[in-house]
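Both ligands and their constituent atoms are indexed starting at 1 by order of listing.
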Amino acid sequence: MKFTLAILTTLVAAAAARQSKPFHLKAVSDNSTVDGTYFFACHEGAAIEGLCIGSKKLAQADNFRLNNTRSQPNVGSLAWLLKGGNFKVSETMTLYTDPSTNVALPLFEPGYDSAYVGFDSDDKMYIRVYLDDTKNPPNSVNGKKLYRWLTCTTYYTGYTYQTLAWQLGEAEAQNPTCEPVTVKRVFVNDD
Ligand SMILES: *[C@@H]1O[C@H](CO)[C@@H](O)[C@H](O)[C@H]1NC(C)=O
Ligand SMILES: *[C@@H]1O[C@H](CO)[C@@H](O)[C@H](O)[C@H]1NC(C)=O
């Protein structure tokens, strides 16, 4: 009986640990400099990467994957592989918040809770949320899709870049450089 349970647990763990095929993240924006570019992981500290605005050439874009489940292949955590000289570490995207701003920074860091992202039927990336505090009383919602992506000039531990960012809440971003952006998944060799 114990043996069966052990096998079952292993099978469940194996089923849970799935990864999508690699894809690029493409920016769709009203700003012609940003529109059609691909995001790439850029250094924001030791083993910490943000998502910088890259070029319009796919070669310079990084590959990302979605750590997902069999039952929900289009939701999970956005994963990126940090490669060093003699190591590889899988990191997932988290939203870094700072009390001074309503703009959160997506960062890949080892060992942090990931943001729960998804891709809709148009391959647009969203974040799944479970809280609505815009009403009295605040209530839980069942995995609502939010698309509050921005491109902004951001500052993190000494690094200033043009990066992907996230608007926290309904109010407009206080960072004056922010512009709305749509993030689209483009599978590798698919464009
Ligand atoms: C993402 O999934 C892959 C494949 O299952 C796994 O090797 C990797 O450790 C996962 N990444 C994280 C940060 O959990
Ligand atoms: C377009 O985006 C670029 C790069 O982020 C930025 O430097 C520029 O100010 C933006 N243009 C407008 C009109 O906002």
Side-chain angles (χ1 to χ4, degrees), residues 9-57 60-84 86-96 101 103-119 125 127-128 148-156 159-167 172-185 187-188:
T9 311
T10 313
L11 282 177
V12 168
R18 289 179 85 236
Q19 226 181 20
S20 74
K21 288 187 289 177
F23 52 83
H24 301 298
L25 294 172
K26 187 178 192 171
V28 179
S29 168
D30 288 344
N31 180 323
S32 59
T33 311
V34 175
D35 187 51
T37 60
Y38 293 88
F39 292 99
F40 70 101
C42 51
H43 184 85
E44 299 257 23
I48 304 173
E49 284 76 30
L51 278 167
C52 285
I53 300 173
S55 77
K56 299 192 184 190
K57 295 202 189 93
Q60 286 184 25
D62 260 297
N63 290 352
F64 303 92
R65 290 171 190 260
L66 192 69
N67 277 21
N68 54 12
T69 55
R70 190 180 301 276
S71 58
Q72 293 199 295
N74 289 314
V75 290
S77 30
L78 189 62
W80 180 75
L81 196 60
L82 172 68
K83 292 179 202 137
N86 54 357
F87 68 92
K88 284 182 186 166
V89 184
S90 171
E91 301 181 322
T92 48
M93 189 191 78
T94 179
L95 283 184
Y96 171 79
T101 179
V103 175
L105 202 54
L107 292 178
F108 292 95
E109 289 185 81
Y112 277 78
D113 276 350
S114 342
Y116 201 34
V117 307
F119 292 92
M125 184 163 73
I127 290 190
R128 250 178 120 111
R148 293 183 179 148
W149 300 112
L150 306 164
T151 52
C152 314
T153 304
T154 61
Y155 176 89
Y156 179 78
Y159 296 93
T160 305
Y161 299 127
Q162 308 278 325
T163 69
L164 185 66
W166 177 260
Q167 178 188 315
E172 199 181 317
Q174 65 178 35
N175 176 330
T177 66
C178 292
E179 298 175 343
V181 69
T182 300
V183 184
K184 285 198 86 166
R185 171 174 68 176
F187 282 106
V188 172

Inset, instruction - Select the closest option to atom 8 (C) of ligand 1 among S77, S20, S90, G111, judged by heavy-atom distance. - result: S90
Are the side chain of [X] and the backbone N or O of [Y] linked by a donor-acceptor pair below 3.5 Å?
X	Y	answer
R148	W166	no
Y161	Y156	no
W80	D62	no
T163	L51	no
S114	S77	no

Inset, instruction - May I ask you to check if ligand 2 and E179 share an N or O to N or O distance below 3.5 Å? - result: yes
Inset, instruction - With the side chain counted from C-beta on, respond yes when D30 and E179 share a heavy-atom pair under 4.5 Å apart, and no when they do not. - result: no
Inset, instruction - For the pair F64 and F23, name the ring-plane relationship: parallel under 30°, tilted 30 to 60°, perpendicular over 60°. - result: tilted
Legend entry - Sub-3.5 Å N/O-N/O distance, N67 and ligand 1: yes
Inset, instruction - May I ask whether V34 has any heavy atom positioned less than 4.0 angstrom from an atom of ligand 2? - result: yes
Inset, instruction - Would you verify that at least one protein heavy atom lies under 4.0 Å from atom 11 (N) of ligand 1, or report that none does? - result: yes
Inset, instruction - Measure the distance from atom 5 (O) of ligand 1 to every protein heavy atom, then report the residue, atom name and distance (to 0.1 Å) of the closest one. - result: A17 O, 3.4 Å
Inset, instruction - Distance to 0.1 Å, residue and atom name: give those for the protein heavy atom nearest to atom 6 (C) of ligand 2. - result: N31 ND2, 4.2 Å
Inset, instruction - Could you list the atoms of ligand 1 found under 4.0 angstrom from a heavy atom of T92? - result: 13 (C)
Inset, instruction - Heavy-atom contacts with Q162 under 4.0 Å: which atoms of ligand 2 show up? List them by number with element. - result: 4 (C), 5 (O)
